[in-house]
Each structure stands twice: as structure tokens, then as C-alpha cells.
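Below is one structure; the comments refer to it alone.
No experiment lies behind these values; they were computed from the predicted model shown.
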Amino acid sequence: IGTARSPSAARIKPSLGELGAPAMKKSGEDLDLEGVIEKCLEARGQKPGKLVQVAEGQLKALCTAAREVFLSQNALLELEAPIKICGDVHGQYHDLLRIFEYGGFPPD
């Protein structure tokens with residue numbers, strides 16, 4: 001995933017609050033979570049190596065929001081079967097998309 005410096009990115013309130021995290025604006029830009037997800041999914045069905053342009057401010061806002069979510073959650077999760085567990089994909093984005101296609105995308 002590449003970055004594009006775009007100061008004109010849409011300023012839309014994130015829906016990340018539904019995941020239990022507050023809306024983040026520490027990076028100076030509101031997170032457009034749905035827009036970032038749509039951009040990332042542009043690589044679906046394409047050859048590996050397709051570049052996807054996400055504004056730098058959106059990536060910073062996403063990282064900040066993700067950090068807050070991770071810090072707010074317990075380190076131990078009690079899960080119920082059946083469950084699919086996947087290891088580290090080592091930055092291979094197309095492998096991650098294939099895993100989602102096989103096991104299902106996270107719920108909205």
C-alpha cells in the first residue's frame with residue numbers, strides 16, 4: 001500500500017467508534033475508515049503488486065486509532081470454537097486478501 005500526500009482528503013467522522021474506540025484526530029486529520037477500506041480493497045482481483053494510494057494523513061490517523069483500540073483491549077482473549085487462526089502474512093497484502101476471501105471478511 002503506497003501513500004499519497006493529499007490535503008484534500010474528505011473529512012468524514014470515522015465509524016471506528018462502533019468498534020469501541022473514540023474518534024481520533026491527533027494526527028490533524030479525521031479518519032475516513034470506510035474510505036481507507038474501499039481504497040485497500042481496490043487491489044482485490046488484481047495482480048500482486050498493484051499499488052493502492054492512501055493519503056498519508058489517513059494512514060497516520062488509522063495507525064493512531066488502531067493503537068488506541070489495541071491498548072484498550074485485554075491481552076488474553078477467551079474465544080469459542082469454531083475459529084480460524086492465521087499466522088503472520090509478512091506484509092503480503094494479496095495473501096491477506098486471499099485469507100479473507102477464504103475465511104470471510106471481518107463483520108461490518
Side-chain angles (χ1 to χ4, degrees):
I1 298 175
T3 63
R5 295 178 188 221
S6 171
S8 63
R11 294 183 178 272
I12 300 173
K13 292 285 183 202
S15 61
L16 194 58
E18 297 167 4
L19 299 176
M24 304 307 300
K25 194 177 175 179
K26 292 180 184 176
S27 67
E29 186 171 337
D30 287 342
L31 175 59
D32 175 12
L33 184 59
E34 300 302 322
V36 171
I37 291 171
E38 285 178 22
K39 279 287 196 183
C40 291
L41 290 178
E42 287 177 5
R44 275 175 91 178
Q46 303 293 322
K47 293 192 294 187
K50 170 161 174 45
L51 295 179
V52 176
Q53 297 293 315
V54 178
E56 181 179 0
Q58 288 295 293
L59 289 176
K60 287 180 179 181
L62 178 63
C63 290
T64 301
R67 181 180 186 276
E68 294 297 322
V69 170
F70 288 138
L71 290 175
S72 72
Q73 295 179 349
N74 294 325
L76 175 66
L77 299 176
E78 295 184 26
L79 305 170
E80 306 228 358
I83 187 169
K84 294 177 183 167
I85 298 176
C86 176
D88 188 353
V89 294
H90 299 280
Q92 301 301 314
Y93 184 65
H94 276 81
D95 290 343
L96 178 64
L97 287 177
R98 217 176 4 221
I99 290 167
F100 283 154
E101 288 170 2
Y102 170 75
F105 280 82
D108 289 316

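- With contacts defined as side-chain heavy-atom distances shorter than 4.5 Å, the pair Glu29/Gln58 qualifies.
- In this view, Leu77 and Leu79 satisfy the side chain to side chain contact (heavy atoms under 4.5 Å, CB included) rule, not counting sequence neighbours.
- Between Ser72 and Val69 the shortest heavy-atom distance is OG-O, 2.8 Å.
- In this structure, Ala43 and Tyr93 approach most closely via the heavy-atom pair CB-CE2, 3.8 Å.
- Ala61 and Leu31 make their closest contact through CB-CB, 3.9 Å (heavy atoms, listed as atom of the first residue, atom of the second, distance).
- The side-chain hydrogen bond (donor to acceptor under 3.5 Å, both in side chains) search around Arg67 returns none, not counting sequence neighbours.
- Using a 4.5 Å heavy-atom threshold, the side chains of Val52 and Val54 count as touching.
- Interatomic distance, Gln92 CD to Arg98 CZ, rounded to the nearest 0.5 Å: 9.5 Å.
- Interatomic distance, Leu96 CG to Cys40 SG, rounded to the nearest 0.5 Å: 9.5 Å.
- For Glu42 against Lys50, the heavy-atom pair with the smallest separation is O-CE, 3.8 Å.
- Checked by atom type and distance alone, the side chain of His94 never pairs as donor or acceptor with a backbone atom of Gly45 at under 3.5 Å.
- Atom CD of Gln46 sits about 11.5 Å away from atom CG of Leu51, to the nearest 0.5 Å.
- Within the structure, salt bridge (charged side-chain N to carboxylate O under 4.0 Å, His left out) pairs that include any residue of residues 69-83 do not occur (at least two apart or interchain).
- Distance check, rounded to the nearest 0.5 Å: CG of Leu97 to CZ of Phe105 gives 6.0 Å.
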